[in-house]
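All remarks here apply to the structure that follows.
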Amino acid sequence: IGDIWIGTKGKGIYRYDNKSFYHYNIEQGFIWGSVISVFQDSKKNYWFGTAEHGVVKYDGKKYYLFGQPQGLSNNLVYSVNEDKLGNIWIITNWSANKFDGENFYYYNQGSGLAHHLTITSFIDKKKDLWIGCYGGGVTCFDGKEFITFNDTTGLKCNSVFSINQDNHGNIWISNIGEGIAILKNNWQKLSESKRWKYIDTRNGLNDNGAVFIRPDKKGNMWIGTIKGLNKIELRYKNIFDINPKIKWYANAEGFTGIECKLNAFLAASDGSLWIPSAEMLSRFRSERERKIKNPPFLQLRSLKLKWEEVDWKKIDGVSHGKINTWNNIPTNLELPYYHNHLQFDFIGIIFNKPEYVEYKWKLSGAENKWSPWSKKHEATYSNIKPGNYSLLIKSRNFDKVESPVYKYSFIIHKPIWETWWFRITGVCCLLCIVFLIFRWRTASLRNRQIILEKTVDERTAEVVKQKEIIEHKQKEII
């Protein structure tokens, strides 16, 4: 796998030749103490970035120091890289430095960088230089112009600790406190809303403070945080086309170093991974990793009504089938409309790393989307509308092997005034009332007409009688 060089805090450097470790300190001529970064250029020279003295070049025979007296802007060196023209870029605590073999040239905020506090650098597949800053965001330099990305153009945070690229050419950027921002490979042709994808603890990262981003030989991306390692399994797929599967490595998985260090990670040519941490150096060989093939066995553990355990046989208005004696959960549950606050508690049973079991769920009939994966094992639904429902639950183990979907169905009945037969009965009653009112009104009008006719007849009879009397009296007079 070739020699591996390891920087230390205050104790020089180590070289590992796949058999033994060799220490280089004051006795071997390396007098510069703490080494933060290691880089090998195209001419096979090694560059060691130190915490206090600048950068040390080693050609295999002799050390050459470049610090502030030699023209470097600052002696704290975080990163070293080489551009397509053979220039060495040295990222210090105060600006980026380009070294052409003879002279240093400073680049800071006034030159086009996002900020003068620079932390990391990366050369992409197009040989463009990316520089991450503590405040200001990240800057891409193609040799001609500087292009900056910050919290106004897609980043979630302006402090960038690590930059890298996946097999599809997407640029991965560590946003301290906000997870990972991923810039799509053809970002120049896309609108801002389509350029970016974000990964954070909501997607499964163990922490949002990533201190390194590195690919391995299998196309996966490794994210280091103070809480351990995260492997994002891409398997050569484009991150923009999939939902990422993230696997954690911490103490329980054998990564006892836990706290990862800034941009300290190596994917060796033999496929092994080398990860320095606060107290040790860890080597990981993925071919020896045993995967958990069996998914968790998923079961409902309890079903609560309005936050309380209940005896389903004694609840008014409830009908059900057989009640499971283990968890007191009834089958074929049917509830009245006023019992519509339910809390489901579930568990994925597995003996290998049960603390890593995750869950997702949705209430079919009320929701279209699944919840995000989480370790939460309770789902609460209140004010559920009348209807037919099925709670669908999935679980997965440490290796992201998913269980079959668990399904629990139940019905919430409508109140009597919302049932079809009640509404039809109501309409019929209303029609009957209208009909009766109509009949009563018609009969009332007929009675009034009869009375009126009778009154008219009586009055007519009186008039005729009066007329006869008058005519009789006139005859008597004549």
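When reading the values below, keep in mind they use all heavy atoms of this one structure, side chains included, and skip hydrogens, waters and symmetry mates.
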Checking T120 against S162 for the side chain to side chain donor-acceptor pair (under 3.5 Å) test, could you report, in this order, the C-alpha distance in whole Å, the side-chain angles of both residues, the deciding distance, and whether it holds?
CA-CA 6 Å; T120 188; S162 188; 5.2 Å; no
Can you tell me if K197 has over 12 outside heavy atoms packed within less than 6.0 Å of its NZ?
yes
Show me the pairs that pass side-chain hydrogen bond (donor to acceptor under 3.5 Å, both in side chains) and involve residues 305-315, at least two apart or across chains.
W307-H341
Tell me the closest heavy-atom pair linking G7 and V38, and the distance in Å.
N-CG2, 4.4 Å
I'd like to check I213 versus I163 (side-chain heavy atoms, cut-off strictly below 4.5 Å). Are they in contact?
no
Quick one: are E378 and Q343 in side-chain contact, heavy atoms under 4.5 Å?
yes
Mind checking whether K304 and L342 have side chains closer than 4.5 Å, heavy atoms only?
no
Sort and list the pairs that fulfil side-chain hydrogen bond (donor to acceptor under 3.5 Å, both in side chains) and have at least one residue in residues 125-134, not counting sequence neighbours.
D124-W130
Donor on one side chain, acceptor on other, T225 and N206, under 3.5 Å
yes
Test log, rule side chain to side chain contact (heavy atoms under 4.5 Å, CB included), inputs Q449 and L445:
CA-CA 6 Å; Q449 186 176 2; L445 291 174; over 6 Å; no
Please indicate whether Y338 has more than 12 foreign heavy atoms, meaning atoms of other residues, nucleotides or ligands, lying under 6.0 Å from its OH.
yes
Please lay out, stage by stage, how S409 and S390 fare under the test side chain to side chain donor-acceptor pair (under 3.5 Å).
CA-CA 4 Å; S409 299; S390 293; 2.7 Å; yes
With a sphere of 6.0 Å drawn around NZ of K400, does it hold more than 12 non-hydrogen atoms of other residues, nucleotides or ligands?
yes
When rounded to the nearest 0.5 angstrom, what distance separates CD1 in I131 from CZ in F141?
8.5 Å
Are there more than 12 heavy atoms of other residues, nucleotides or ligands under 6.0 Å from atom CZ of R15?
yes
Just by distance, with hydrogens left out, do S121 and S79 show a side-chain donor and acceptor under 3.5 Å apart?
yes
Note, T92 side chain near I90 side chain (heavy atom, < 4.5 Å):
yes
Taking every heavy atom of C157 against every heavy atom of E178, the minimum-distance pair comes out as CB-CG, 3.8 Å
Using the rule given for ring-ring contact (aromatic ring centres under 6.0 Å, His included), can you reason through F398 versus W248, listing the C-alpha separation, both sets of side-chain angles and the distance that settles it, and then say yes or no?
CA-CA 8 Å; F398 173 74; W248 297 350; 8.5 Å; no
Where N93 and L117 come nearest, the two heavy atoms and their spacing:
O-CD2, 3.4 Å
Indicate yes or no: does D216 engage K218 in a salt bridge with an N to O separation below 4.0 Å.
no
In short, G135 meets H115 closest at the heavy-atom pair O-CB, 2.6 Å
Is the CH2 atom of W326 crowded by more than 12 outside heavy atoms at less than 6.0 Å?
yes
Counting neighbours of NZ on K362 that are heavy atoms of other residues, nucleotides or ligands and sit closer than 6.0 Å, is the number greater than 12?
yes
Greater than 12 external heavy atoms within 6.0 Å of F21's CZ:
yes
Between N170 and N238, do the side chains contain a donor N or O and an acceptor N or O under 3.5 Å apart?
yes
Can you find a pair of side-chain heavy atoms, one from I433 and one from L436, that are under 4.5 Å apart?
no
Can you name the ring-ring contact (aromatic ring centres under 6.0 Å, His included) partners of F284, sequence neighbours left out?
W222, Y249
Less than 6.0 Å separating the ring centroids of F48 and W5?
yes
Over all atoms of both residues, closest heavy-atom pair of G348 and S395:
CA-OG, 4.5 Å
What closest approach, in Å, do A267 and K217 show between heavy atoms, and which atom pair accounts for it?
O-CE, 3.7 Å
Not counting sequence neighbours, list each pair that qualifies as a side-chain hydrogen bond (donor to acceptor under 3.5 Å, both in side chains) and has a residue in residues 365-376.
E367-Y381
Output all residues satisfying side-chain hydrogen bond (donor to acceptor under 3.5 Å, both in side chains) with W89, sequence neighbours left out; order by chain, then residue number.
D83
Applying side-chain contact (heavy atoms from CB on, under 4.5 Å) between L303 and each of D345, L333, V310, L391, report the one that passes.
L333
With a 4.5 Å cut-off on side-chain heavy atoms, are I275 and F212 touching?
yes
State, with a plain yes or no, whether a side-chain heavy atom of T139 is found less than 4.5 Å away from one of L129.
no
Would you check if P336 and H413 make a side-chain contact, meaning some heavy-atom pair closer than 4.5 Å?
no
For residues D151 and N158, is any side-chain donor paired with an opposing acceptor at under 3.5 Å?
yes
Output yes when E358 and R396 qualify as a salt bridge under the 4.0 Å nitrogen-oxygen rule, no when they do not.
yes
With no hydrogens and no angle check, do the side chains of T442 and W440 hold a donor and an acceptor under 3.5 Å apart?
no
Is it the case that more than 12 heavy atoms not belonging to W94 sit under 6.0 Å from its CH2 atom?
no
For residues 163-204, pull every pair meeting ring-ring contact (aromatic ring centres under 6.0 Å, His included), keeping only residues two or more places apart or in separate chains.
F149-W187, F149-W196
For F346 and Y359, I'd like to know if the aromatic rings sit close, meaning centre-to-centre distance below 6.0 Å.
yes
